[in-house]
Amino acid sequence: MENESTFVAPEGVYTVTEEHKPSVLPHVVSAAPLIYPTRVSTVIVRFPANKSGGGPGFAQLLGGNKESRKEKYKEKEKEDAGSMSSSDTPEDDLAPTQEHTLFAAPATAGKKKHISRPKHNIRTTSSTFITRMQNAEGFPRSLQSKQGDVTFLFYNASKSFIWIEAGSKAKEPLARVTFSAYPTCHDVNMLTACAERLDVIVGFSTGDLVWLDPITSRYSRLNKQGSITNSPCTAVRWVPSSTSLILVAHADGTIIVYDREREDGNFTPQDPLHDASKPWDPVDSVFVTMPPWHPVSSGGIVVPSKDKVAKNPVSHWRVSRRSVVDFVFSPDVKYVAAISEDGCLRVIDALAEQLVDCYASYFGALTTVAWSPDGRFILTGGQDDLLTIFSPWEQRVVARCQGHSSFVSAVAFDDLRCDGRTYRFGSVGEDNKLILWDFSSGALHRPKFQPTHQQRVSMASTVSLAFRRDRSTLYLPNADENGSPFPKFHPAPSRNEVAVVQPCLIKPIDSDILSTLVFLPRSILTSTKNGYIKLWIRPLALRPRIKHRGPAPDVDVL
């Protein structure tokens with residue numbers, strides 16, 4: 001029964017129902033070497049069934065009729081443009097007391113703020129950075145005719161950025177934008193996505209950022225011509241609880257916080273090597289440079305200043321001496337897990353802008369990272385051909401997953417098959433294998449020589465974490481009950497000290513090197529470095545097994 005287009009998992013048969021092969025434009029030389037691999041972003045937009053009348057009623061936010069989310073977004077748009085950020089964490093009363101809460105600055109009184117949109121029209125722009133814009137024939141009419149949930153895919157191929165619809169039989173993409181630089185990474189803002197607008201941020205090899213709305217064909221540029229940094233963008237994410245804040249990782253080992261609504265400022269980050277009295281250790285701390293317009297006084301109180309016009313960057317983190325490869329937010333948007341070419345996984349407190357923990361890989365660089373839906377585990381893949389499961393609660397490696405015979409390219413959790421007791425996740429690698437794994441912390445067989453580990457908090461406090469996504473799922477104190485600081489750097493344990501997880505399915509895929517894996521509600525998406533996308537339909541339509549109590553979180557389940 002199994003062939004090139006199907007595979008059999010424990011839950012049933014997955015079958016390829018859709019394939020997308022990137023078409024090369026005539027003026028692009030097809031023999032050009034692959035410089036930046038294809039990456040894929042996905043978003044599900046709900047189009048209303050009755051579009052008569054248009055206007056504000058036309059927009060339905062992502063994730064169904066989530067009125068609470070719509071009201072949150074409306075509140076965010078009323079905040080003053082001069083505030084530190086235009087967002088609040090989902091529940092401020094649950095956030096630990098910090099000197100400075102980067103993603104939860106209080107709103108300031110002021111006039112109502114209009115919905116901010118990109119400034120420039122792509123079709124009439126004189127910029128040489130954007131060289132071409134193409135839409136499918138009948139593009140406006142096509143969008144107006146859509147109803148229900150529609151899955152959109154965005155991906156980069158050479159110097160083009162492409163927008164397509166999953167399940168569409170159209171031969172041409174909805175839109176293709178060609179740039180003079182190489183797109184390297186991108187992300188879609190799930191909080192603002194609706195039938196009338198899509199906020200997409202695209203990072204480039206030049207360090208530039210483009211905030212793009214493909215529906216209205218408008219754009220704005222940040223870090224224009226590398227004015228803040230000319231280091232290539234390696235990863236970019238919208239802050240899940242914000243309509244405007246963006247985190248961008250760069251090849252020079254930095255992560256920079258941008259606000260889409262600000263202009264670029266004249267900024268030079270501090271060099272940690274210049275201060276010989278306090279040598280910077282990248283496995284012990286994050287070196288933060290606050291720009292002069294940073295609205296935080298010496299006492300740690302946020303004070304808006306009329307004399308300081310807020311500009312980009314919002315903040316500048318020097319994380320590593322090597323390139324930051326990727327990063328992800330924790331489900332509660334309070335922590336960032338970042339991986340770098342120095343082989344370290346760093347857990348960063350994004351609210352306090354401080355390093356919490358640093359874990360070393362078994363060997364080689366780490367290449368991909370994911371955070372479990374309940375916040376309990378961090379999953380990485382690397383050049384050691386292994387997947388590693390970390391528990392930030394317990395400051396330890398929980399298990400390693402053996403099955404790949406080459407570098408791991410991408411890992412992802414399947415939210416529909418994670419219930420807080422068992423976790424389904426997948427991986428793809430340069431060995432062209434798609435592997436599915438089932439993990440249960442209670443079913444692990446601990447190795448003979450596994451050492452005892454120091455837990456941050458009593459295990460009683462972790463009960464029902466999987467069912468409390470509306471609460472802070474991860475609070476990592478920096479000291480034990482006696483006030484002694486926890487060690488931040490954790491070397492990799494040997495093989496005989498860590499439990500091993502075996503695959504539940506290995507599917508070799510005949511293609512060029514696999515680079516992307518995404519779990520969608522009805523399918524699994526895989527992509528190669530050259531942009532060959534496949535959608536594997538699920539055997540059964542499932543609903544998320546993690547039940548929410550209270551308001552829905554700000555991060556959508558794909």
Side-chain angles (χ1 to χ4, degrees), residues 1-22 37-42 44 151 153 155 164 166-169 367-368 370 372-373 379-382 385-389 399-419 422-440 443 500-545 557-558:
M1 184 176 184
E2 190 163 322
N3 53 47
E4 289 185 4
S5 300
T6 62
F7 64 83
V8 182
E11 62 273 14
V13 180
Y14 289 77
T15 305
V16 173
T17 57
E18 191 174 339
E19 297 177 278
H20 297 274
K21 297 180 181 179
T38 292
R39 296 190 179 184
V40 183
S41 296
T42 65
I44 302 173
T151 300
L153 312 179
Y155 66 96
I164 61 176
S168 172
K169 303 297 183 182
T367 54
T368 179
S372 67
L379 178 67
T380 65
D385 305 349
L386 298 170
L387 277 69
T388 306
I389 305 171
R400 293 192 179 108
C401 308
Q402 297 180 352
H404 284 286
S405 55
S406 188
F407 295 174
V408 181
S409 303
V411 295
F413 281 91
D414 185 351
D415 289 17
L416 300 186
R417 293 190 173 274
C418 295
D419 61 8
T422 59
Y423 299 81
R424 162 66 61 82
F425 52 88
S427 60
V428 293
E430 294 189 4
D431 54 6
N432 280 15
K433 293 177 183 175
L434 164 63
I435 302 183
L436 299 182
W437 315 77
D438 285 332
F439 164 70
S440 172
V500 176
V501 177
Q502 298 295 336
C504 65
L505 176 135
I506 300 178
K507 171 62 178 177
I509 298 178
D510 186 19
S511 64
D512 60 284
I513 294 176
L514 294 170
S515 63
T516 305
L517 174 66
V518 181
F519 287 97
L520 294 166
R522 296 181 179 85
S523 60
I524 297 176
L525 181 151
T526 61
S527 172
T528 69
K529 286 189 174 182
N530 286 319
Y532 184 9
I533 298 173
K534 289 185 178 181
L535 288 170
W536 308 73
I537 192 168
R538 292 179 183 268
L540 294 172
L542 296 177
R543 294 182 177 180
R545 293 164 68 180
V557 176
L558 285 180

Q. Of all heavy-atom pairs between S440 and T422, which one has the smallest distance, and what is that distance?
A. CB-CG2, 4.0 Å

Q: For residues L520 and L535, determine if any side-chain heavy atom of one lies less than 4.5 Å from a side-chain heavy atom of the other.
A: yes

Q: Report yes if the side chains of T38 and T516 come closer than 4.5 Å at any heavy-atom pair, otherwise no.
A: no

Q | Contact summary for W437 and G403, nearest pair of heavy atoms | A | CH2-N, 3.7 Å

Q) Quick one: which of T388, V501, I389 gives a side chain to side chain contact (heavy atoms under 4.5 Å, CB included) with R400? A) T388

Q) For the residue pair V408 and S427, what are the closest heavy atoms and their distance? A) CG1-CB, 4.3 Å

Q: Give, for atom NZ of K534 and atom OG of S527, the distance between the pair rounded to the nearest 0.5 Å.
A: 11.0 Å

**Q.** From CG (L416) to CZ (R522), nearest 0.5 Å
**A.** 10.5 Å

Q) What distance do T380 atom OG1 and L387 atom CG have between them, rounded to the nearest 0.5 Å? A) 7.0 Å

Q.
Which heavy atom of T368 sits nearest to which heavy atom of V411, and what is that distance?
A. OG1-N, 3.2 Å

Q. Once you round to the nearest 0.5 Å, how far does CD1 of I537 lie from OG1 of T17?
A. 5.0 Å

Q.
Could you check whether any side-chain heavy atom of E430 comes within less than 4.5 Å of a side-chain heavy atom of K529, counting everything from C-beta outward?
A. yes

Q) Which pair of non-hydrogen atoms, one from A399 and one from F439, has the smallest distance, and what is that distance? A) CB-CE1, 4.5 Å

Q: Would you check, one step at a time, whether the test side chain to side chain contact (heavy atoms under 4.5 Å, CB included) holds for L153 with L525?
A: CA-CA 10 Å; L153 312 179; L525 181 151; 3.7 Å; yes

(Q) Are D438 and R424 packed together at the side-chain level, in the sense that at least one heavy-atom pair is separated by less than 4.5 angstrom? (A) yes

Q | Partner residues of Q402 under the side chain to side chain contact (heavy atoms under 4.5 Å, CB included) criterion, sequence neighbours left out | A | L386, R495, V500

Q) Are V16 and E4 close enough that some pair of their side-chain heavy atoms sits under 4.5 Å apart? A) no

Q. F413: what forms a side chain to side chain contact (heavy atoms under 4.5 Å, CB included) with it, not counting sequence neighbours?
A. A370, S372, P373, L379, D415, C418, Y423, F425

Q: Kindly say whether T6 contributes a backbone atom to a donor-acceptor pair with the side chain of K507 at under 3.5 angstrom?
A: yes

(Q) Can you list everything that forms a ring-ring contact (aromatic ring centres under 6.0 Å, His included) with F7? Sequence neighbours excluded, please. (A) Y14, W536

Q: With sequence neighbours excluded, tell me which residues meet side chain to side chain donor-acceptor pair (under 3.5 Å) with E19.
A: Y532

Q) When you measure from the side chain of S515 to the backbone N and O of T528, does any donor-acceptor pair fall under 3.5 Å? A) yes

Q.
Using the side chain to side chain contact (heavy atoms under 4.5 Å, CB included) criterion, which residues pair with N432? Sequence neighbours excluded.
A. S511, I513, L514

Q: Mind listing the closest non-hydrogen atom pair of E18 and S168 along with its distance?
A: OE2-N, 4.2 Å

(Q) Quick one: does any side-chain atom of D414 pair with a main-chain N or O of F519 as donor and acceptor, under 3.5 Å? (A) no

Q. Who pairs with T151 by side chain to side chain donor-acceptor pair (under 3.5 Å), at least two apart in sequence or on another chain?
A. none

Q: With the side chain counted from C-beta on, respond yes when R417 and L436 share a heavy-atom pair under 4.5 Å apart, and no when they do not.
A: no

